[in-house]
Engineer: 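One structure is given below, represented as structure tokens, and several questions about it will come after.
All values below were derived from every heavy atom in this structure, side-chain atoms included, with hydrogens, water molecules and symmetry-related copies excluded. Counting starts at 1 for both ligands and their atoms, in listed order.
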Amino acid sequence: MARLAQTAGLTDIQEEILATVRTFVDKEIIPHAQTLEHGDTYPADIVEGMKEMGLFGLTIPEEYGGLGESLLTYALVVEQIARGWMSVSGVINTHFIVAHMLKQHGTPEQKQKYLPRMATGEVRGSFSMSEPELGSDVAAIRTRAVKGESGYTINGQKMWLTNGGTSNLTAVLVKTDEGAEKPHQNLTTFLVEKPEGYGEVLPGLTIPGKIDKMGYKGVDTTEMVFDGFEIAADQILGGVSGQGFRHMMDGVEVGRVNVAARACGIAIRAFELAIDYAQQRKTFGKAIAEHQAIAFKLAEMATKVEAAHLMMVNAARLKDSGQRNDVEAGMAKLIASEYCAEVTQEAFRIHGGYGYSKEYEIERLMREAPFLLIGEGTSEIQKTIISRGLLREYQSRG
Ligand SMILES: Cc1cc2nc3c(=O)[nH]c(=O)nc-3n(C[C@H](O)[C@H](O)[C@H](O)COP(=O)(O)OP(=O)(O)OC[C@H]3O[C@@H](n4cnc5c(N)ncnc54)[C@H](O)[C@@H]3O)c2cc1C
């Protein structure tokens with residue numbers, strides 16, 4: 001992409017990483033994405049390639065064997081990967097969130113135990129808040145951990161775990177009995193180590209099969225069932241119970257930048273496909289790009305791509321500067337995902353009947369874009385977060 005979605009002020013290292021990833025996406029992801037996606041096939045070779053490039057350790061500090069890069073670098077890498085195939089970005093995203101939570105909130109022993117092996121991709125992270133009866137309303141979590149003499153026993157059911165079957169470390173948010181008045185203060189994150197795979201993977205812990213999804217195929221999304229699962233107290237993230245909600249919200253805040261980046265990547269690809277097709281397809285004696293109605297569509301699509309990219313970069317830079325970015329990450333996620341849905345839809349229309357054919361990439365993007373309106377908090381939830389933040393900031397003196 002020559003002109004759109006450029007980022008000013010990147011370091012040489014960031015430029016180098018992005019150039020390497022862009023080449024990898026063009027050579028190793030885009031040519032295989034359609035076949036793998038239609039077959040719902042896990043992209044094992046692509047994942048190995050990402051391990052070799054060190055992408056699993058991109059944001060893990062150098063002292064733990066990672067590359068120690070920023071959220072911005074990560075987000076720009078994700079944008080490139082999603083331009084190739086969103087499912088591949090899904091493989092690293094939950095891993096990245098768990099690594100972030102460990103880095104920020106883990107005990108020294110937990111960091112030492114997991115981060116070096118996460119940096120190589122040997123340990124692969126997933127995270128679980130949602131349950132069959134709740135997603136937006138996190139504080140209503142029902143899965144419960146009860147303290148016994150030698151640790152905790154967990155019972156309950158989790159839903160929608162991205163990488164649930166292909167990860168071996170899941171950060172799980174559950175209810176504990178802290179006696180706090182506010183429900184969110186009674187939540188604790190446990191670090192559940194488990195083998196990869198499906199079925200009863202450990203006594204009292206079952207990962208049923210993959211959920212069959214409309215898009216976002218290849219990457220597995222599963223349930224997770226606890227039935228008397230026993231876990232040691234030192235597997236509580238940060239060592240102290242009752243802090244889980246705060247830990248997870250910090251995780252999803254970076255996750256929201258990542259979802260915005262994915263949306264940018266898909267929108268960029270939809271635009272690339274549309275502008276190419278519009279110059280090739282002829283109607284009424286000229287390329288459709290020469291009809292003003294289509295040219296204006298392209299102009300609007302490109303403007304949306306650019307606006308979303310800039311807001312995503314802004315939210316990432318804010319978090320990297322050490323500030324809270326709840327409002328900005330919410331805004332970036334909201335606009336990028338809504339624009340992505342619109343740009344993809346327009347690219348689909350520009351393709352005419354061919355957009356409906358499975359031979360054309362736009363058909364896949366059309367099924368991927370809607371997920372971004374939901375994952376890491378729906379648009380309604382982003383608006384709730386944004387408006388709350390603004391009302392705090394702009395308190396009326398009247
Ligand atoms: C493919 C996929 C992968 C996922 N991966 C993960 C994962 O790895 N880990 C994980 O924990 N979760 C994951 N999720 C779950 C996801 O985060 C939730 O689906 C999402 O947060 C929405 O929750 P819900 O589905 O329960 O919808 P609900 O919360 O039931 O919402 C339903 C509708 O009501 C609206 N709504 C809800 N509350 C309000 C309100 N207060 N005001 C206005 N409108 C409201 C919502 O915007 C939505 O339109 C995944 C979901 C999918 C589809």
Engineer: Tell me, which protein residue and heavy-atom name are nearest atom 2 (C) of ligand 1, and how many Å apart are they?
Structural biologist: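 Sorting protein heavy atoms by distance from atom 2 (C) of ligand 1 puts Phe371 CE1, 3.1 Å first.
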Engineer: Please list the nearest protein heavy atom to atom 12 (N) of ligand 1 with its residue and the distance rounded to 0.1 Å.
Structural biologist: Ser130 OG, 2.8 Å
Engineer: I'd like to know if the side chain of Lys304 and the backbone of Ala267 have a donor-acceptor N/O pair within less than 3.5 Å.
Structural biologist: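 Not confirmed, Lys304 side chain does not pair with Ala267 backbone.
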Engineer: Only heavy atoms of Met129, strictly under 4.0 Å: list the atoms of ligand 1 that pass.
Structural biologist: 10 (C), 11 (O)
Engineer: Name the residue from Gln235, Glu230, Lys147, Arg144 that meets the side-chain contact (heavy atoms from CB on, under 4.5 Å) definition with Tyr152.
Structural biologist: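 The residue from Gln235, Glu230, Lys147, Arg144 that satisfies side-chain contact (heavy atoms from CB on, under 4.5 Å) with Tyr152 turns out to be Lys147.
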Engineer: Please say whether Leu161 places an N or O atom under 3.5 Å from an N or O atom belonging to ligand 1.
Structural biologist: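 There is no such contact.
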Engineer: Does any N/O atom on Ser128 come nearer than 3.5 Å to any N/O atom on ligand 1?
Structural biologist: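 Looking only at distances, the answer is no, because the N/O contact criterion of under 3.5 Å is not met.
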Engineer: Tell me the protein heavy atom at minimum distance from atom 21 (O) of ligand 1, and give that distance in Å.
Structural biologist: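 The protein heavy atom lying closest is Gly135 C, 3.8 Å.
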Engineer: Please indicate whether any nitrogen or oxygen in Tyr216 is less than 3.5 Å from any nitrogen or oxygen in ligand 1.
Structural biologist: no
Engineer: Check whether Glu306 reaches the backbone of Ala5 with its side chain - one donor and one acceptor, N or O, closer than 3.5 Å.
Structural biologist: yes
Engineer: Is it the case that more than 12 heavy atoms not belonging to Asp45 sit under 6.0 Å from its CG atom?
Structural biologist: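 Atom CG in Asp45 is not packed in, count stays at 12 or less.
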Engineer: Where the side chain of Asn168 meets the backbone of Arg124, is there a donor-acceptor pair that is under 3.5 Å apart?
Structural biologist: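 Confirmed, Asn168 side chain pairs with Arg124 backbone.
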Engineer: Heavy atoms of the protein only: does one fall short of 4.0 Å from atom 17 (O) of ligand 1?
Structural biologist: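 Given the 4.0 Å cut-off, atom 17 (O) of ligand 1 counts as touching protein heavy atoms.
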Engineer: Please indicate whether any nitrogen or oxygen in Ile381 is less than 3.5 Å from any nitrogen or oxygen in ligand 1.
Structural biologist: no
Engineer: Measure Thr162 to ligand 1 on non-hydrogen atoms and call it side chain, backbone, both or neither using the 4.0 Å cut-off.
Structural biologist: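 The answer is both.
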Engineer: Considering non-hydrogen atoms of the protein only, which is the closest contact for atom 43 (C) of ligand 1, and what is the distance?
Structural biologist: Glu380 CB, 3.9 Å
Engineer: When you compare ligand 1 with Thr94, is there at least one nitrogen or oxygen pair between them that comes in under 3.5 angstrom?
Structural biologist: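 No, no N or O pair falls under 3.5 Å.
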Engineer: Return the orientation label for the Phe56 and His95 ring planes: parallel under 30°, perpendicular over 60°, tilted otherwise.
Structural biologist: perpendicular
Engineer: Between Thr384, Thr378, Val259, which one has a non-hydrogen atom sitting closest to atom 48 (C) of ligand 1?
Structural biologist: Thr378
Engineer: Could you identify the single nearest non-hydrogen protein atom to atom 50 (C) of ligand 1 and state the distance to 0.1 Å?
Structural biologist: Trp160 CB, 3.5 Å
Engineer: Short check: is a protein heavy atom less than 4.0 Å from atom 53 (C) of ligand 1?
Structural biologist: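 Yes, because at least one protein heavy atom sits under 4.0 Å from atom 53 (C) of ligand 1.
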Engineer: Between ligand 1 and Ile374, can you find any atom pair, the residue atom being a heavy atom, that is separated by under 4.0 Å?
Structural biologist: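 The answer is yes, since Ile374 has a heavy atom less than 4.0 Å from ligand 1.
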Engineer: Using distance alone, determine whether Lys213 and ligand 1 share an N or O pair under 3.5 Å.
Structural biologist: no
Engineer: Identify which of Gly90, Gly375, Ser136 has a heavy atom lying nearest to atom 28 (P) of ligand 1.
Structural biologist: Ser136
Engineer: Under 4.0 Å, heavy atoms only, figure out whether ligand 1 is touched by the backbone of Leu134, its side chain, both or neither.
Structural biologist: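 The part of Leu134 near ligand 1 is the backbone, not the side chain.
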Engineer: Could an N or O of ligand 1 be found under 3.5 Å from any N or O of Met159, whether backbone or side chain?
Structural biologist: no
Engineer: Please indicate, with yes or no, if any protein heavy atom is found under 4.0 Å from atom 25 (O) of ligand 1?
Structural biologist: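 Within 4.0 Å of atom 25 (O) of ligand 1, no protein heavy atoms are found.
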Engineer: Measure up the Tyr277 and Tyr360 rings against each other and bin them: parallel (under 30°), tilted (30 to 60°), perpendicular (over 60°).
Structural biologist: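 Aromatic pair Tyr277/Tyr360 classed perpendicular.
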